[in-house]
Amino acid sequence: MKRPISSLVIASAVLVGSAYTPSLLGSVEAASVQQAQAVLKEKIIVTGIAKEIQYSMSKKQKLYSLNQLASFMAANVTYDVKSKTLTAIKTFGSKKHSIILKADSTSAVVNGNKVKLTVPPKLVGKSLFGDAKTFLQALGGDLLIDNSLLISTNGPIKFETAKLNVEGTSTSVKAVNLSGKKLYSVQDIAKLFGAAVKLEKNNSVKISKTGTTITMNLNQNIIVKNGKSVKVSGYPLLSKGTVYTELKDIVSALGGETIAENGEFIAKGPLLSGDSYNPNWVSGSTVLVTNETESDSRSYILDTVSKKALVDINGTEVSVSPDGKKAVFTNESGFIYLMDLTSKQVSPLNEKDDNEKFEFVWAKDGQKIYFFKGKETKDIATVSVADGAIKTVYTDSLTYKTDLKLSADEKNVIYTVGKEGKTNYTPPDSEGNTDVDNIDLKDTEPQINLLDLTAKEIKPVILSNTIDNKANSAFMLDGSVVYTSYDVEGENTPILYMVGKNQKLTALVTNKDILSTVVTSLGKLMILVAESNGSTIYQVNPTNKSLTKVVSTSLDLTSFNVSNDGKLAVTVASDTGERVLVYKNGSFETLTK
């Protein structure tokens, strides 16, 4: 292994010994004494941190300051001046490492065992200098001597092959394990991004791809990208022609992102950012999310394996057909559009009615879509996928209907709505003017209404008559309706209710802080609960009211959705809004940031 000397010297030789006077000696003798007693310095990397260390030359062999090496290893050192013996002891957990060395001795005691030394330690001035490898390995560390000296303070330095998840594909790359931390091959990572790597003569590494030039210096923790310097977490390492560095540093410089969940995941482009919410499964591996940023509102279908956006839809009121092949949406125009999710072609479904439209709900056969029409959502309507014709199903004077759901047999729909408050005015004054006296809010609480779509005269049946807030209403497969009741004052625990036949009301869960309720396509009733130590998703048995834990996490989840095959997508709050995660292999993985 090469041991370069001159390129690593960063300070002039320092003479040791107060009695030395070069002018009184012959030139040959003076040079010999100076080399024997000269102390030089070189730059090294100690577990990713740049440091300097003193060394001296003995018969063309570098001997390093044992006191400095011991300090790097956090070892305790004692030195017997009379016997010129140094003892270093390091305790790591339950393990104790020790080494005893004596000046000019060809043997040492390592962890109680006598070992032979290739190079004996030398006393330079008042300090003992010795072979770094023997010393470090005795104390549980290691070192690599190539382009520069690299020290591991905990465990051996191991060159290995590492597995990375590159957008869903397992990829092998070269890596080096240093003190429990892995550094990855710059050449291998650059290749993933279609970039070329060139080692320059001035200890720099040049990485280039279309539109991007990156320079790394082996002696600096700085990456220069397109002329702009960025400080990074670690120093690059060069060994046998391969440059190794922190994965996050090189991936970020190349325009990608790393996610350290269930192993290292690499995205070649940035993940979807902003406020991402309302996740809905399209298939077993794709999720529809609504995304809002400071400048735009859109919807995306994301691949949970590669984390890429497969489909970009210019709208936020989006719903995917039951077969996952089409999506209906509207935007600020109020018109209805249909997207073929395979070809990504968008076609107008109805460009005549520009009323605002909300909460699209597909019929099972994919031929009809229910929705609320109008800014005040007075109307419940349908649109035909075949010809775009819009038909009003039901309308009345009550405004701001929400939470539209279609029963499994498609014979009924439910929605939630409340009456408007009654405004009372003062008696007219002498000039006939009146003013608002008060607003009577009695009987304005939102109630769940049911429409029988098969009836000759469609009119609502009110399923509830309480003053609480009602959310997350849904049909069970047998036609019963569940919803979560929230105390208006927020003082009482939410209650999960079921409205069965003859409008019988049954409390299913009364002692949990319920955040969200979902009825899956297979008819399973599930709730998200805030716990003292995070969140839990439970499955509820409506028959015996028992709860079965599905998953618990320390994350503070805000909502969830379940795929046809039982996969979970959830949201958590973040500084930019909400983020979407998916549950895989026993843990939650980031899908958006």
Side-chain angles (χ1 to χ4, degrees), residues 1 3 8 16 36-146 148-160 176-183 234-235 237 239:
M1 192 174 287
R3 298 173 179 262
L8 300 175
V16 219
Q37 300 192 44
V39 175
L40 302 98
K41 295 180 182 179
E42 72 177 41
K43 185 177 289 186
I44 64 172
I45 304 296
V46 181
T47 58
I49 300 174
K51 294 182 179 291
E52 286 182 353
I53 189 169
Q54 293 180 328
Y55 72 94
S56 182
M57 299 302 300
S58 176
K59 297 179 181 179
K60 299 183 180 181
Q61 174 75 41
K62 279 187 181 181
L63 301 181
Y64 291 88
S65 166
L66 298 182
N67 276 323
Q68 283 187 283
L69 291 175
S71 68
F72 297 154
M73 297 294 294
N76 294 319
V77 176
T78 57
Y79 181 69
D80 189 311
V81 177
K82 186 175 181 180
S83 63
K84 301 177 183 178
T85 300
L86 180 145
T87 302
I89 299 174
K90 177 181 178 180
T91 302
F92 186 79
S94 60
K95 293 184 178 181
K96 183 176 180 181
H97 302 276
S98 66
I99 183 170
I100 302 172
L101 298 141
K102 185 176 181 181
D104 301 317
S105 175
T106 57
S107 64
V109 179
V110 176
N111 297 321
N113 300 313
K114 189 174 182 179
V115 298
K116 191 171 180 63
L117 300 175
T118 305
V119 181
K122 296 293 181 183
L123 192 64
V124 182
K126 296 181 180 180
S127 297
L128 200 60
F129 285 65
D131 176 56
K133 185 173 184 178
T134 302
F135 188 82
L136 292 170
Q137 290 182 341
L139 295 176
D142 202 0
L143 87 165
L144 173 71
I145 304 174
D146 198 326
S148 60
L149 188 67
L150 180 76
I151 292 177
S152 167
T153 58
N154 179 23
I157 298 173
K158 295 180 180 179
F159 289 88
E160 56 190 46
V176 57
N177 199 317
L178 171 65
S179 295
K181 177 187 288 187
K182 282 185 181 178
L183 303 180
Y235 289 75
L237 160 69
S239 178

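As the structure is a prediction and not an experimental result, all values here were calculated from the model.
Between the CG atom in Leu178 and the CZ atom in Phe159 there is a gap of 9.0 Å [rounded to 0.5 Å]. In this structure, CD1 in Ile53 is found 14.5 Å from NZ in Lys43, a value given to the nearest 0.5 Å. Rounding to the nearest 0.5 angstrom, the gap separating the CD1 atom in Ile100 from the OG1 atom in Thr87 is 4.5 Å. The structure places OG of Ser58 at 11.0 Å from CG of Asp131, a figure rounded to the nearest 0.5 Å. To the nearest 0.5 Å, atom CG of residue Leu66 and atom CD1 of residue Ile99 are 8.0 Å apart. Interatomic distance, Leu69 CG to Leu143 CG, rounded to the nearest 0.5 Å: 8.5 Å.
Under the rule for a side-chain hydrogen bond (donor to acceptor under 3.5 Å, both in side chains), Thr47 has no partner lying at least two apart in sequence or in another chain. Judged as a salt bridge (charged side-chain N to carboxylate O under 4.0 Å, His left out), and not counting sequence neighbours, the contacts of Lys182 are Glu160. Considering only residues two or more places apart in sequence or on other chains, Gln54 meets the side chain to side chain contact (heavy atoms under 4.5 Å, CB included) condition with Val39, Lys41, Ser65, Gln68, Phe129. Ala74 meets the side chain to side chain contact (heavy atoms under 4.5 Å, CB included) test with no other residue; sequence neighbours excluded. Partners of Val77 according to the side chain to side chain contact (heavy atoms under 4.5 Å, CB included) rule, which considers only residues two or more places apart in sequence or in another chain, are Asn67, Ala70, Leu86, Ala88. Among residues two or more places apart in sequence or in another chain, the salt bridge (charged side-chain N to carboxylate O under 4.0 Å, His left out) test is passed with Lys158 by none.
Glu52 and Phe72 make their closest contact through O-CZ, 3.8 Å (heavy atoms, listed as atom of the first residue, atom of the second, distance). Closest approach of Pro121 to Leu117, counting heavy atoms only: CD-CD1, 3.8 Å. Residues Leu123 and Lys126 come closest through the heavy atom pair CD1-C, 4.0 Å. Heavy atoms only, all atoms of each residue included: Gly112 and Ser98 are closest at N-OG, 4.4 Å. Scanning both residues, Ile151 and Ile44, for their nearest heavy atoms gives CD1-CD1, 3.8 Å.
Within the 4.5 Å cutoff, no side-chain heavy atoms of Ser239 are placed close to those of Val176. Looking at heavy atoms from C-beta onward, Met57 lies in side-chain contact with Lys62 at the 4.5 angstrom threshold. Leu237 is not listed as a side-chain neighbour of Ile45, based on a closest heavy-atom distance of 4.5 Å or more.
Remark: side-chain polar atoms of Asp142 are not paired, donor with acceptor, to backbone N or O of Gln137 under 3.5 angstrom.
Contacts classified as side chain to side chain donor-acceptor pair (under 3.5 Å) and involving residues 69-85 (residues at least two apart or in different chains) are given here: Asp80-Ser83, Ser83-Thr85. The salt bridge (charged side-chain N to carboxylate O under 4.0 Å, His left out) contacts involving residues 103-120 comprise Asp104-Lys122, where partners must be two or more places apart or lie in separate chains.
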Show me the donor-acceptor pairs within less than 3.5 Å that the side chains of residues 89-97 make with the rest of the protein, sequence neighbours left out.
| unit_1 | atom_1 | unit_2 | atom_2 | d |
| --- | --- | --- | --- | --- |
| Lys90 | NZ | Met73 | O | 3.4 |
| Lys90 | NZ | Thr153 | O | 2.8 |

